[in-house]
Amino acid sequence: GYVPGGQREQDHCTYNLAVTHDDYFPSAAPATSRQGVCFYVRASTERRGFDLALMTIEVLQRDYPHIPIATVGMHAPELHQVTGCKHLGIKAVSQLQQVYSAYAAYVVFSFTNYSLLPAEIIACGGHVIDLDIPSNQASAALFSSEHYELCEPDPYRLAECVAARI
């Protein structure tokens, strides 16, 4: 039968969850040029785990001060409580490839559902650290462990995952 946005294959449906490769593609720069970690933050959306991101940034700054930290997804004035980070703000789609190609790791939380952000970052050659919770375990099956890893939702454990990746 007909499946809006998908294709019928035998007894199951498939959906194209791919990215637009005109917008998201690997950088020509060597992977060794990637430095630090970038957190996707958005306080206005609860599923993005803003408070957990802030706690993880604090642990990183205290325990791993050598790791450069950036944030993307919010305007800098809204992040007044986060100091010592480079705040990239809100980016247009045309600017995301450059952001997603610049860092050694990207911390992207979704507490409720599949997110397209990891696919976009991975298409740019980035490594994503997400929460090890049931709603994300299906994503782990979609992506290579070389580019996507799940970590328990604890700021100390997340900081360890980031430090291990850097």
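- Distance check, rounded to the nearest 0.5 Å: OG1 of T56 to CZ of F109 gives 4.5 Å.
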After noting the C-alpha distance and the side-chain angles of Y64 and E160, does the key distance pass the side chain to side chain contact (heavy atoms under 4.5 Å, CB included) rule? CA-CA 9 Å; Y64 306 95; E160 289 171 2; 3.7 Å; yes
Stepwise side chain to side chain contact (heavy atoms under 4.5 Å, CB included) test for E149 and R165: CA-CA 10 Å; E149 76 180 280; R165 184 65 196 169; 4.3 Å; yes
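- Separating the OH atom in Y100 from the OH atom in Y40 is a distance of 7.0 Å, to the nearest 0.5 Å.
- Looking at every heavy atom in both residues, A29 comes nearest to S33 through CB-OG, 3.6 Å.
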Go through V72 and K91 one step at a time and tell me if the side chain to side chain contact (heavy atoms under 4.5 Å, CB included) criterion holds. CA-CA 8 Å; V72 66; K91 298 295 186 185; 4.0 Å; yes
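- L96 contributes atom CG, which lies 8.5 Å from atom CG of D23 (distance to the nearest 0.5 angstrom).
- Counting heavy-atom neighbours within 6.0 Å of Q137 CD, excluding the residue itself, gives a total above 12.
- H147 and G126 get closest at one heavy-atom pair: ND1-O, 3.4 Å.
- Nearest heavy atoms, S135 versus S110: OG-O, 4.1 Å.
- H127 approaches A104 most closely through the heavy-atom pair CB-O, 3.6 Å.
- Counting non-hydrogen atoms of neighbouring residues, nucleotides and ligands closer than 6.0 angstrom, the CD atom of Q95 exceeds 12 such neighbours.
- Heavy atoms only, all atoms of each residue included: H21 and A123 are closest at CE1-CB, 4.2 Å.
- To the nearest 0.5 Å, atom CD of residue E152 and atom CD1 of residue I133 are 12.5 Å apart.
- Side-chain contact, R42 with T45: a donor N or O sits under 3.5 Å from an acceptor N or O.
- Considering D130, V128, I129 in turn, D130 is the only one that fulfils the side-chain contact (heavy atoms from CB on, under 4.5 Å) rule with L150.
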So R48 and V41, side chain to side chain contact (heavy atoms under 4.5 Å, CB included) or not? Walk me through it. CA-CA 7 Å; R48 291 295 179 190; V41 293; over 6 Å; no
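- Closest non-hydrogen pair, Y106 versus S101, comes out as OH-N, 3.4 Å.
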